[in-house]
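Contents: one structure, followed by commentary.
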Amino acid sequence: MTALTAPQDAHAHGVELAAGGHLVQSIDWAAVAPPVIVALAALVVLVADLFLAERHKGLLGWLSALALGSAGLTLLPLIGDDRTTFCLTSASRDCSYVADTFALTVQLLVLGGAFVTALLSITAVRQEQLPAGEFWFLLLSSASGAALLPASRDLATLVVALEVASLPAFALVGLRRGERLSSEAALKFFLSSVTATAVMLLGVSFVYAATGSMHLGTVAQALPEADSRLSTLAATGVALTLVGFAFKTAAAPFHFWVPDTYVGAPVPVAAYLSVIGKAAGFSGLILVAVRAFPSYADAWGPALAVLAALTMSVGNLGALRQRADRAHGAVRLLAWSSVGQAGYLLVPIAAAGYADEPDRAVGATLAYALMYAVVNLGAFAVVAAVQPHGSDGRLADYRGLARTHPLAAAALAFFLLCLAGLPPGVVGLFAKVTVFQAAVDAGLGWLAVVMALNVVIALVYYLTWTALLFRPVAAAPAAEAPGGVAAGVAAGQAAAAAPALPRLSLPLTVTVALTGALALAASGAPQLVLRFAGTALF
C-alpha cells in the first residue's frame, strides 16, 4: 500500500517519479494558464511591433484585449477545483502556486480590469500618440504580474510578482514623452515604490532568517515556534513586510504619490493603477497578514485598523478640498477618492485580525473590491471621453454634460452614486454594509463610526459632482460695449463650462456600456456578488 500511495501523493502535489526514482517537478499548465497567456501575449506584441507598419499598430490594442479576454476565460475550468503546482518534494509539500477560489476571484478582477483598461486605452494611445508597441507590452507585462500574485504562496514569488506588476507601471506613467507632469509623476512613483520594495525585502529576509522558510504555510507554523533569541528579528520582519505591502495599497501615510501620479499619467493608466494596482497590493497584504502571520494578528489587527481610519479620512478630506476650477480636478478627485476607498478595503482585513473566522472578513474585502473595480473603471472611462487630449480636465468642464452628452452624464452619475453608496447604486450600498458588518462583528465599533463619518463626507463631493452634470450652462451676460473685457471673460467662462465634445469612439462607447451594464446588473442582484466573494476562502 505504501508503494502505491507515495507516487499518487507526489503527483497530486505537482511532482512525479521519473525513471530512476528521482522526483521531478510536474507543472499544471491549466492552473498557471492565466498569467502565462498574458505574459506570452506581451512577448508577441513586442515582436509584432517590429514588423507592423505604423498605420496598422492599432491592431496591437485589439490583440492585447483579446489576449486578456482569453486569459480570463481560462479561469472557468478551474472554478471549484483547487489546484497546486511548483510544490516541494519534502515532507511539508508546500506549493508556490495555488489556484484556489481566493486566487481565481482576484485573477478575475485583475484580468477583467485589465481588459477594460485595454479597451479604454485604444483611443488614448492613438490620440496622445503614445508608442503603441511599448504601451501594450508594458500593460500586458504588468497585468501578468498582477495575475500571478494572488496565486503565489511563498514570499519570494509574492515579491517577484509584485515587482513584475509594478515596474512596467512606472514606465506607463511616464510614457507621455516631453511632458513635465508625466516625467515628475513617473519619478515620484518610482522612487517611492523602490523605497517600499527595499523595506519589504528587508522584512522578508528577516522572516526567512527567523523561520528558515519562504512558503506562507510553513512560515505561519514556524513563527510561533521560533527561537526566543530571534523573536525581535521575526517581529521586525513581519512589520517591515506589512509596511511594504501597505505602500502598494496606497494606505496613508504611504499615499502621497497617488494624486500627482494619477494626474501625470494617461487617464487609462490612472484607471489601471486605481484598480489593478490596488488589487495586487491588497491580495498580497491579505496573503502575508492572514496566511503567513496569523500569530501576529494581535499586533497587525489594531495597526491595520488605525491605518484604515487614517487612510479613509485623509482620502475623503483630500477629495473634499478639490475645486471645480482647478486644472486636472476630475482625475485628482478620483485619485483622492481611491485613497479613501482603500481605507474601506482595509477595514475587513483589520477585522480579520480579531475574527475567529478571518476568511469571512477577507470575503468582505473581495466583495467591495469587485464593486469598486467596475464603477471606478466606468468613471475613468467617462473622464477619458469628456477630457480630450490637451484639456485641463477641470470639474467645471462637466457642467451641463447631461444636455450635450446625456448618456455619458447618466453613466457617470450612476458610477458616482455607486461609489457613494446611494440608490440606485445599490451594489455600492450593499458593499459598504458588508464592510460595516465585518467591523462590527470583530468588535471594532469605533472603526465603524469613523467609516460612517467618512461615508457622509464622501457624499458631499460625489453628490456635488453629480449635481454639476445636470446644472444648466451659464450663459454669458450681455456686455455693455461690444468686445469689452467683461464680455470676453464671460464668454470664455461659458465656453469652458460647455466644451464641444467629440463623438465618442467605439472603444470608449463599449467601455462605458460594459461597465455600466455590469454595475446595473450588480445593483439588481447585489447578493450574487456578495455570495460569490464570500466563498473566496483560503
Side-chain angles (χ1 to χ4, degrees), residues 188-189 192-193 195-196 199-200 239-262 270 273-286 288-290 299-322 332-354 361-362 364-369 371-373 376 419-421 428 431-432 434-436 438-439 442 444-462:
K188 180 178 290 189
F189 186 22
S192 304
S193 186
T195 303
V199 170
M200 182 168 52
L240 293 177
T241 303
L242 291 174
V243 165
F245 279 100
F247 170 87
K248 302 296 183 180
T249 64
F254 314 109
H255 69 288
F256 52 86
W257 58 273
V258 173
D260 290 340
T261 298
Y262 284 23
L273 292 175
S274 73
V275 173
I276 288 79
K278 273 190 174 53
F282 275 103
S283 59
L285 182 62
I286 289 170
V288 295
V290 180
W300 58 255
L304 290 181
V306 173
L307 208 62
L310 180 63
T311 302
M312 65 178 75
S313 299
V314 169
N316 286 318
L317 290 175
L320 191 63
R321 294 177 58 249
Q322 301 308 308
R332 195 175 291 274
L333 187 146
L334 287 175
W336 282 109
S337 166
S338 73
V339 175
Q341 299 288 342
Y344 303 150
L345 287 164
L346 279 170
V347 171
I349 306 177
Y354 295 84
V362 170
T365 291
L366 294 181
Y368 199 94
M371 179 280 301
Y372 169 76
N376 209 58
L419 289 170
K432 283 183 168 58
T434 303
V435 172
F436 271 113
L444 294 172
W446 68 270
L447 186 56
V449 172
V450 172
M451 183 178 174
L453 293 175
N454 274 278
V455 169
V456 174
I457 294 174
L459 289 177
V460 176
Y461 62 82
Y462 285 133

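Keep in mind the model is a prediction, meaning the values are calculated, not measured. Values reported hereafter were calculated over all heavy atoms of this structure, with side chains retained and with hydrogens, waters and symmetry mates removed.
Taking the side chain to side chain contact (heavy atoms under 4.5 Å, CB included) definition, one finds that Val199 meets it with Leu240, Val243, sequence neighbours left out. Under the salt bridge (charged side-chain N to carboxylate O under 4.0 Å, His left out) criterion, Lys248 pairs with Glu163, sequence neighbours left out. With sequence neighbours excluded, the residues forming a side chain to side chain contact (heavy atoms under 4.5 Å, CB included) with Thr365 are Ile286, Leu345, Pro348, Ile349, listed by chain and number. Partners of Leu310 according to the side chain to side chain contact (heavy atoms under 4.5 Å, CB included) rule, which considers only residues two or more places apart in sequence or in another chain, are Ala252, Pro253, Val314. Judged as a side chain to side chain contact (heavy atoms under 4.5 Å, CB included), and not counting sequence neighbours, the contacts of Ala448 are Phe436, Ala439, Val440.
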Distance-only donor-acceptor pairs under 3.5 Å for side chains of residues 255-262, two or more places apart:
residue: Trp257; atom: NE1; partner: Phe254; partner atom: O; Å: 3.0
residue: Asp260; atom: OD2; partner: Lys188; partner atom: NZ; Å: 2.6
residue: Thr261; atom: OG1; partner: Trp257; partner atom: O; Å: 2.6
residue: Tyr262; atom: OH; partner: Ser274; partner atom: N; Å: 3.4

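The shortest distance between side-chain heavy atoms of Leu366 and Phe282 does not fall below 4.5 Å. Two residues are said to be in side-chain contact when any heavy atoms from C-beta on lie closer than 4.5 Å; Val347 and Tyr368 fail this criterion. Looking at Trp300 and Val290, their side chains come closer than 4.5 Å, going by heavy atoms from C-beta outward.
Checked by atom type and distance alone, the side chain of Ser338 pairs as donor or acceptor with a backbone atom of Ala335 at under 3.5 Å. For the pair Ser337 (side chain) and Leu333 (backbone), a donor-acceptor distance under 3.5 Å is absent. Listed for the Asn376 side chain is no donor-acceptor partner under 3.5 Å among the backbone atoms of Tyr372.
When every heavy atom of Leu419 is checked against every heavy atom of Lys432, the shortest pair comes out as O-NZ, 2.7 Å. Closest non-hydrogen pair, Val275 versus Ala373, comes out as CG1-CB, 3.5 Å. The heavy-atom pair separating Ala250 from Lys278 by the smallest distance is CB-NZ, 4.2 Å. Between Ala305 and Leu447, the shortest heavy-atom contact is O-CD1, 3.6 Å. Annotation for Ala251 and Leu346: closest pair CB-CD1, 3.8 Å, computed over non-hydrogen atoms. Ser313 and Ala309 get closest at one heavy-atom pair: OG-O, 2.8 Å.
Tyr344 and Asn316 form a side-chain donor-acceptor contact under 3.5 Å, judged by distance and modelled atom types alone.
No option in Thr249, Leu242, Thr241 other than Thr241 meets the side chain to side chain contact (heavy atoms under 4.5 Å, CB included) test with Phe245.
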